[in-house]
Peer 1: 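Below you'll find the structure I mean.
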Amino acid sequence: MASFSCPAPYFVVRCSTAKEGSDSSHKQRYIKLNGVNIGSVSEADFLTQSARASRTLLASVAANGCVIEEDVRLKIPTKKQLVDPHRQGLIIEGGVGYRQTVVIRSYEVGPDKTATLESVMNLLQETALNHVWMSGLLSNGFGATHGMMKNNLIWVVSRMNVEVDHYPIWGEIVEIDTWVGASGKNGMRRDWLIRSQATGHVYARGTSTWVMMNQETRRLSKIPEEVRAEISPWFIEKQAIKEDVPEKISKLDDKAKYMNSHLKPKRSDLDMNHHVNNVKYLRWMLETIPDHVLESHQLSSIVLEYRRECGSSDIVQSLCEPEEDGILRDVDKIEDNEISLLNGFSLASEIFKAGGLLGSFDKGILRYTHLLQIEGEAKNEEIVRGRTTWKKKLTNIPFPTQ
């Protein structure tokens, strides 16, 4: 008689084969659970039955409060981990910061083979979650600690600022550093740096402010002392982007130059907290930017001020207004006969468009103000305000790659 053992949490499954007087097609396997015979199956059905039994056992144990199947699959660390070989992650900065090595995938780049801002924002979110994962504080929520889950709290972002000097290209290896710090009495700041592994040059910086929300009431909450004790040892007094006095973003109205209406979230737009992911907000905003700007410019910075959640049943309107700064208009759209006088001096259009004076006017930088709001309501409730800054696309990275 051959014996096979399969351990499961708190249980042992033993399967035995009776060989006497039977051929292989009629072999029977007798299954015992903790010494109790619970039935038999044929050789042909054994693997299928075994797989089903494993899932049944896990579900049964979970129902009795012993183990959760999701935890078994995820293997969430219960103590701080210094290295994560699967995610290419390391704990740095005196044991409280996090660095992850990432290869830019083909589905993360656009037609020009450079990573899109949406991909960059997704990487920021992923490294933030992996940082909490490595800390040993992660419960089964979306970045929530054990204390947060006990108090039915979740993280929500209230402000995000990302500056991009250069976008990574397809196949490039980048390092993403992230860390957290205090933001006032009841907020947390999270910062990021994205750099080229080959050259060490910083490509992008990001900073964000997070607050806690009660998952049931959807109201903002103070940080409980239990949670503060969990997260405060991880705080670093360092900022990727210094914002002494953040500039306010003005609210747009229905007179905005560009507008997209009747935008409806899809199921795939929802995150684990059941509201629209902030990367979807970015997509709705960028769709209002004129095509000729998208072709000639790249987004160099974005500031987002989040006002309220957006659910799956909300209908959204996206408004966009260019900031007119006189000479800092879209130079590609200016006709030759429009360029005649500047501060009382006559100029040749060839000199102007060749960049002789363009460099003195912030290199053709364009700025847009954005607003996402709930459509159809009398108050037109705001979801998020934004400001984007665009600069001329560069054909080459202006530093050596070796």
Side-chain angles (χ1 to χ4, degrees), residues 110 116-125 128 142 154-164 187 190 206-211 213 215 218-220 241 243 246-291 293-294 297-324 366-390:
T116 64
L117 185 65
E118 290 179 39
S119 296
V120 170
M121 298 284 276
N122 279 324
L123 288 174
L124 299 186
Q125 177 174 279
F142 195 38
I154 59 175
W155 286 115
V156 290
V157 60
S158 61
R159 194 171 190 277
M160 177 83 74
N161 184 357
V162 179
E163 297 178 354
V164 183
R190 177 172 285 280
T207 188
S208 58
T209 305
W210 298 75
V211 292
M213 173 185 283
Q215 193 166 14
R218 315 311 281 186
R219 294 177 180 271
L220 297 184
I241 302 174
E243 295 182 302
E247 186 180 354
K248 294 289 185 180
I249 301 175
S250 58
K251 181 182 179 180
L252 299 180
D253 54 29
D254 56 7
K255 297 179 182 178
K257 186 171 183 178
Y258 305 109
M259 182 184 303
N260 280 349
S261 300
H262 310 299
L263 303 171
K264 187 160 188 335
K266 300 176 182 177
R267 273 190 165 277
S268 58
D269 298 327
L270 304 182
D271 62 22
M272 287 186 274
N273 285 331
H274 303 286
H275 58 234
V276 175
N277 189 281
N278 66 81
V279 176
K280 179 62 178 182
Y281 297 155
L282 174 65
R283 192 177 310 154
W284 281 335
M285 287 182 174
L286 298 188
E287 285 174 355
T288 60
I289 299 293
D291 288 341
V293 174
L294 296 176
H297 288 68
Q298 68 179 26
L299 198 154
S300 60
S301 74
I302 183 167
V303 179
L304 299 170
E305 293 179 356
Y306 298 89
R307 303 288 170 147
R308 59 152 285 175
E309 295 179 279
C310 177
S312 59
S313 61
D314 291 327
I315 307 299
V316 179
Q317 187 177 58
S318 178
L319 308 177
C320 174
E321 180 70 27
E323 294 187 8
E324 299 290 350
L366 307 175
R367 295 185 181 88
Y368 293 85
T369 301
H370 303 263
L371 174 66
L372 296 182
Q373 63 183 9
I374 303 299
E375 187 176 341
E377 295 186 357
K379 295 182 180 179
N380 284 331
E381 255 192 291
E382 297 178 67
I383 300 171
V384 57
R385 296 185 190 185
R387 176 182 292 111
T388 57
T389 304
W390 303 74

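Computed over heavy atoms, backbone and side chain alike; hydrogens, waters and symmetry mates excluded. Here, residue 1 is the first one in the sequence, and each next residue gets the next number.
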Peer 1: Roughly how far apart are Leu282 CG and Thr116 OG1, rounded to 0.5 Å?
Peer 2: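 With rounding to 0.5 Å, CG (Leu282) is 8.5 Å from OG1 (Thr116).
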Peer 1: Spell out, as yes or no, whether a donor-acceptor pair under 3.5 Å connects the side chain of Thr389 to the backbone of Ser300.
Peer 2: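 No; judged by distance alone, with no hydrogens or angles, the pair does not exist.
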Peer 1: From Leu252 CG over to Glu321 CD, what is the distance, rounded to the nearest 0.5 angstrom?
Peer 2: 6.5 Å
Peer 1: Classify the angle between the aromatic ring planes of Trp390 and Tyr368 as parallel (below 30°), tilted (30 to 60°) or perpendicular (above 60°).
Peer 2: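 Plane angle over 60°, so perpendicular.
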Peer 1: Among all residues two or more places apart in sequence or in another chain, which pass the side-chain hydrogen bond (donor to acceptor under 3.5 Å, both in side chains) test with Thr288?
Peer 2: none
Peer 1: If you measure from OG on Ser250 to CZ on Arg387, what distance do you get to the nearest 0.5 Å?
Peer 2: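 Between Ser250 OG and Arg387 CZ, I get 6.5 Å after rounding to 0.5 Å.
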Peer 1: With side chains defined as the heavy atoms from C-beta onward, is the minimum distance between Val164 and Leu299 less than 4.5 Å?
Peer 2: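 Side chain of Val164 against side chain of Leu299, heavy atoms only: no contact under 4.5 Å found.
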Peer 1: Determine yes or no for a side-chain-to-main-chain donor-acceptor pair under 3.5 angstrom, with Ser158 supplying the side chain and Thr209 the backbone.
Peer 2: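 Pair found, side chain donor or acceptor close to backbone of Thr209.
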Peer 1: Going by the rule side-chain hydrogen bond (donor to acceptor under 3.5 Å, both in side chains), which residues pair with Arg385 if we only count those two or more places apart in sequence or in a different chain?
Peer 2: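 Checked Arg385 against side-chain hydrogen bond (donor to acceptor under 3.5 Å, both in side chains); matches are Glu382.
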Peer 1: List for me each residue that meets salt bridge (charged side-chain N to carboxylate O under 4.0 Å, His left out) alongside Arg159, sequence neighbours excluded, and say none if there are none.
Peer 2: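 If we apply the salt bridge (charged side-chain N to carboxylate O under 4.0 Å, His left out) test to Arg159, skipping adjacent residues, the hits are Glu243.
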Peer 1: Flag the pair Gln373 / Asp314 as yes when at least one side-chain heavy-atom distance between them is below 4.5 Å, and no otherwise.
Peer 2: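 No, every pair of side-chain atoms sits at 4.5 Å or beyond.
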Peer 1: On a heavy-atom basis, which atom in His370 and which in Ile289 lie closest, and how many Å separate them?
Peer 2: CE1-CD1, 3.6 Å
Peer 1: Has Lys264 got more than 12 heavy atoms of other residues, nucleotides or ligands less than 6.0 Å from its NZ?
Peer 2: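 Atom NZ in Lys264 is packed in, count exceeds 12.
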Peer 1: Start with the C-alpha gap between Arg218 and Ile154, add the side-chain angles, then the distance that decides, and say whether side chain to side chain contact (heavy atoms under 4.5 Å, CB included) holds.
Peer 2: CA-CA 9 Å; Arg218 315 311 281 186; Ile154 59 175; 4.1 Å; yes
Peer 1: State which residues pass salt bridge (charged side-chain N to carboxylate O under 4.0 Å, His left out) with Glu163; sequence neighbours excluded, sorted by chain then number.
Peer 2: none
Peer 1: Residues two or more places apart in sequence or in another chain: which of them pass salt bridge (charged side-chain N to carboxylate O under 4.0 Å, His left out) with Glu118?
Peer 2: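 Arg283.
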Peer 1: Checking Trp210 now: which residues fulfil side-chain hydrogen bond (donor to acceptor under 3.5 Å, both in side chains) with it, not counting sequence neighbours?
Peer 2: Ser208
